[in-house]
Chemist: 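Dropping the structure in here first, questions after.
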Amino acid sequence: MKRLVIVPLCCLLLSACNFFGPPTKTVAEFNAYVAANPNGLDGKTLSGVQLDGAMTRIDDNDVPAGEDKYAYAMSQGGVGGIVIQNMKVTGLTVDKSSLLFASIRNVTFVDCKFLQTDMTGSTLENVKFVNCEFDGIEPGRKIGNIYHRGRVTNLNMVAADNVVFENVAFGKGFSSNFHRGVITLINVKASPSESPIIRGINVKLRLLACTLHDRNIAAIKGDDSSILILNSDIKGLSCSSSITKVVWIEKTLFYGGAGTSEFLMIRDSAGTFEFGGYYASSPTAYLVNNQYNDTGYSTFFPSIKKGNSATLYLYGSNNYFPMLRIGSGNINIFNVNFGILNILEYGDIGVKSLNLKNVSIKEGKWLAPLPETGYWEQVEIIGPVELAQQSKAEISGYNVLFPNGSPWINGDVEIKHLSSPQKMQMPPVPTLEEVGLAQFWQEVDAKSSRQ
């Protein structure tokens with residue numbers, strides 16, 4: 001005799017949801033489904049859904065002085081959005097959807113696609129994206145007289161605490177603007193676009209083993225911002241940042257702009273570098289043991305807004321530097337052989353001091369007023385070096401040689417030759433520990449390993 005099994009209606013409905021996907025009429029239904037089904041998003045598609053939360057209401061009296069009310073409200077996160085937490089999601093596709101003010105915590109997304117998806121105002125905490133794709137229609141732009149409106153995958157005003165993008169592809173239609181964040185990019189790829197991958201305020205960004213060509217890495221700013229790039233291949237418009245506190249680039253093939261930062265380190269890398277500190281208060285830059293491309297040039301044009309407080313330390317190992325153009329600041333160069341060293345006009349300021357040790361210069365154009373002071377030791381200038389005007393610089397030198405006679409054109413540089421060398425300071429190279437990045441990222445990685 002067969003037994004009749006009676007299945008409650010609620011179980012049938014739940015089974016149907018598992019087959020057809022999560023309910024998407026209301027945020028409450030969606031959240032209840034996800035909470036009850038840890039694997040309920042695997043292999044599902046959310047297309048054309050709107051599951052939005054709302055911005056937190058902020059009283060005018062709660063807004064800190066000098067801050068925009070809207071930006072401050074966005075920074076406080078939202079309420080009533082979807083909640084995904086404490087799970088692994090595999091094979092989810094989200095397309096043409098709006099998920100404003102979502103709360104996503106302790107989640108790993110694997111082989112997922114986020115296409116034309118708006119996640120403005122969301123919170124991402126301990127979230128990892130592995131082998132995922134972010135794309136949409138290319139951002140809106142005007143072609144001829146017609147404006148074409150794009151629909152991008154948007155992470156605008158998102159708080160990101162320990163978010164990792166690993167083996168992720170960012171398409172032209174990806175846009176971000178984090179209002180705070182700790183973000184790691186590992187072996188990511190990106191389609192060429194004028195839009196940087198990571199925008200934001202007070203973002204700590206790390207790139208590991210990334211290959212990024214013809215795409216800005218980041219445009220970030222804030223007193224709590226930094227960029228760390230290790231073992232990567234960066235070409236084109238790269239590392240374009242705005243008043244970033246610290247930029248550190250190491251063991252990287254790097255071609256392009258290193259942006260604006262208060263402290264810059266490029267070491268044990270190769271390529272050409274453009275760097276400065278247009279708005280930074282007291283920018284300091286170190287170039288240490290790099291290999292410089294013989295088909296391009298590097299530039300140091302800092303501090304046009306802050307006078308001559310900028311300082312460059314260029315440490316070589318008697319390697320060849322095809323061309324360096326400098327515009328202002330205090331320049332200290334050790335153990336480098338220049339093809340061309342140019343000193344160019346830069347607003348109404350110039351190079352304040354030029355200190356050289358174990359340096360050779362084949363030729364140059366020194367078209368700005370020469371530095372006020374300088375000390376040169378074991379320096380060889382072959383020439384010609386074109387001057388814009390007669391130098392009034394006070395240069396002291398020990399063993400300064402002109403093997404082809406006077407190298408100067410259109411003027412002269414008077415050098416006070418010393419009978420014995422002076423003590424020339426060669427400050428030690430700062431470490432990741434000293435700038436605070438080593439311990440910070442060690443703590444981030446330790447926290448991730450405990451998740």
Side-chain angles (χ1 to χ4, degrees), residues 272-278 283 285 287 292-316 318-419 421-422 424:
T272 57
F273 317 103
E274 300 174 22
F275 49 96
Y278 190 85
L287 294 181
Y292 303 96
N293 185 12
D294 59 4
T295 61
Y297 58 83
S298 296
T299 62
F300 182 68
F301 276 34
S303 198
I304 194 170
K305 291 288 186 181
K306 296 293 182 180
N308 266 313
S309 59
T311 301
L312 169 66
Y313 295 100
L314 172 52
Y315 296 167
N318 295 317
N319 52 319
Y320 182 64
F321 200 140
M323 180 189 294
L324 174 65
R325 307 189 309 171
I326 56 179
S328 68
N330 302 282
I331 311 300
N332 306 276
I333 303 175
F334 301 83
N335 307 319
V336 177
N337 300 317
F338 286 104
I340 299 173
L341 176 63
N342 288 341
I343 302 176
L344 305 180
E345 289 188 275
Y346 193 48
D348 56 356
I349 59 177
V351 174
K352 187 175 183 180
S353 64
L354 179 61
N355 301 305
L356 310 174
K357 185 173 182 179
N358 296 328
V359 172
S360 69
I361 302 170
K362 185 176 181 181
E363 60 181 289
K365 292 184 178 181
W366 296 5
L367 304 181
L370 285 189
E372 300 171 4
T373 61
Y375 173 66
W376 300 354
E377 181 180 322
Q378 302 290 353
V379 173
E380 179 181 82
I381 302 179
I382 298 172
V385 176
E386 180 182 348
L387 304 175
Q389 56 186 336
Q390 183 69 25
S391 169
K392 298 180 181 179
E394 298 180 4
I395 303 294
S396 298
Y398 173 74
N399 200 19
V400 177
L401 304 176
F402 305 141
N404 293 341
S406 175
W408 315 116
I409 297 177
N410 300 330
D412 191 20
V413 177
E414 294 186 7
I415 299 174
K416 181 182 178 181
H417 292 274
L418 305 177
S419 59
Q422 294 182 356
M424 187 175 178

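It should be emphasised that the depicted structure is a prediction, and the values quoted were computed from it without experimental measurement.
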Chemist: How close do G383 and P407 get, heavy atom to heavy atom, and via which atoms?
Modeler: CA-CB, 3.7 Å

Chemist: Return the set of residues passing side-chain hydrogen bond (donor to acceptor under 3.5 Å, both in side chains) with N337 (not counting sequence neighbours), or none when no residue passes.
Modeler: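 With neighbours one apart ignored, the set is S360.
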
Chemist: Evaluate the side-chain contact (heavy atoms from CB on, under 4.5 Å) criterion for residues I395 and E414: first the C-alpha distance (whole Å), next the side-chain angles of each, then the deciding distance (0.1 Å), finally the verdict.
Modeler: CA-CA 7 Å; I395 303 294; E414 294 186 7; over 6 Å; no

Chemist: Could I get the full list of side-chain hydrogen bond (donor to acceptor under 3.5 Å, both in side chains) partners for N399, not counting sequence neighbours?
Modeler: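 In terms of side-chain hydrogen bond (donor to acceptor under 3.5 Å, both in side chains), with neighbours along the sequence ignored, N399 is linked to Q378.
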
Chemist: Take Y292 and L287 through the test side-chain contact (heavy atoms from CB on, under 4.5 Å) and record every step on the way to the result.
Modeler: CA-CA 11 Å; Y292 303 96; L287 294 181; 3.6 Å; yes

Chemist: Would you say the side chain of N332 lies within less than 4.5 Å of the side chain of T311, judging by non-hydrogen atoms?
Modeler: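 Yes - at least one pair of side-chain heavy atoms lies under 4.5 Å apart.
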
Chemist: Quick check for you: to the nearest 0.5 Å, what is the distance between N335 atom CG and N319 atom CG?
Modeler: 8.5 Å

Chemist: State which residues pass side-chain hydrogen bond (donor to acceptor under 3.5 Å, both in side chains) with E377; sequence neighbours excluded, sorted by chain then number.
Modeler: Y375

Chemist: With a 3.5 Å distance limit and no angle check, can you tell me whether W376 reaches the backbone of L354 through a side-chain donor-acceptor pair?
Modeler: yes

Chemist: For the CG atom of D412 and the OG atom of S406, what is their distance to the nearest 0.5 Å?
Modeler: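 Here the interatomic distance stands at 5.5 Å.
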
Chemist: Determine whether I382 and F338 satisfy the following criterion, side-chain contact (heavy atoms from CB on, under 4.5 Å), listing intermediate values before the conclusion.
Modeler: CA-CA 10 Å; I382 298 172; F338 286 104; over 6 Å; no

Chemist: Applying ring pair (Phe, Tyr, Trp, His ring centres under 6.0 Å), name anything that partners Y398, two or more places apart in sequence or on another chain.
Modeler: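 With neighbours one apart ignored, the set is empty.
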
Chemist: Would F321 and L314 satisfy side-chain contact (heavy atoms from CB on, under 4.5 Å), going step by step from the backbone distance to the final call?
Modeler: CA-CA 11 Å; F321 200 140; L314 172 52; 3.9 Å; yes

Chemist: Hey, which of I409, I343, L367, V413 is the one that makes side-chain contact (heavy atoms from CB on, under 4.5 Å) with L387?
Modeler: V413

Chemist: If you measure from CG on L344 to CD1 on I326, what distance do you get to the nearest 0.5 Å?
Modeler: 8.5 Å

Chemist: List the atom of M424, the atom of N355, and the distance in Å for their closest heavy-atom pair.
Modeler: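 Nearest heavy atoms, M424 then N355: CE-CB, 3.5 Å.
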
Chemist: Students often mix this up, so state it plainly: with edges at 30° and 60°, are the rings of W366 and W408 parallel, tilted or perpendicular?
Modeler: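 Tilted: the ring planes of W366 and W408 meet at 30° to 60°.
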
Chemist: So, using side-chain hydrogen bond (donor to acceptor under 3.5 Å, both in side chains) as the criterion, who are the partners of N342 when residues are at least two apart?
Modeler: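 Scan of N342 (side-chain hydrogen bond (donor to acceptor under 3.5 Å, both in side chains), adjacent residues dropped) gives none.
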
Chemist: Hey, does N410 have a side-chain heavy atom less than 4.5 Å from the side chain of E386?
Modeler: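 Heavy-atom side-chain distance check passes, below 4.5 Å.
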
Chemist: Working to the nearest 0.5 Å, report the span between CE of M323 and CD of E363.
Modeler: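 That separation rounds to 8.0 Å.
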
Chemist: Using the side-chain contact (heavy atoms from CB on, under 4.5 Å) rule, pick out the option among L324, I331, V336, I381 that qualifies with L341.
Modeler: L324

Chemist: State which residues pass ring pair (Phe, Tyr, Trp, His ring centres under 6.0 Å) with Y320; sequence neighbours excluded, sorted by chain then number.
Modeler: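 By the ring pair (Phe, Tyr, Trp, His ring centres under 6.0 Å) rule, Y320 matches no residue at all.
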
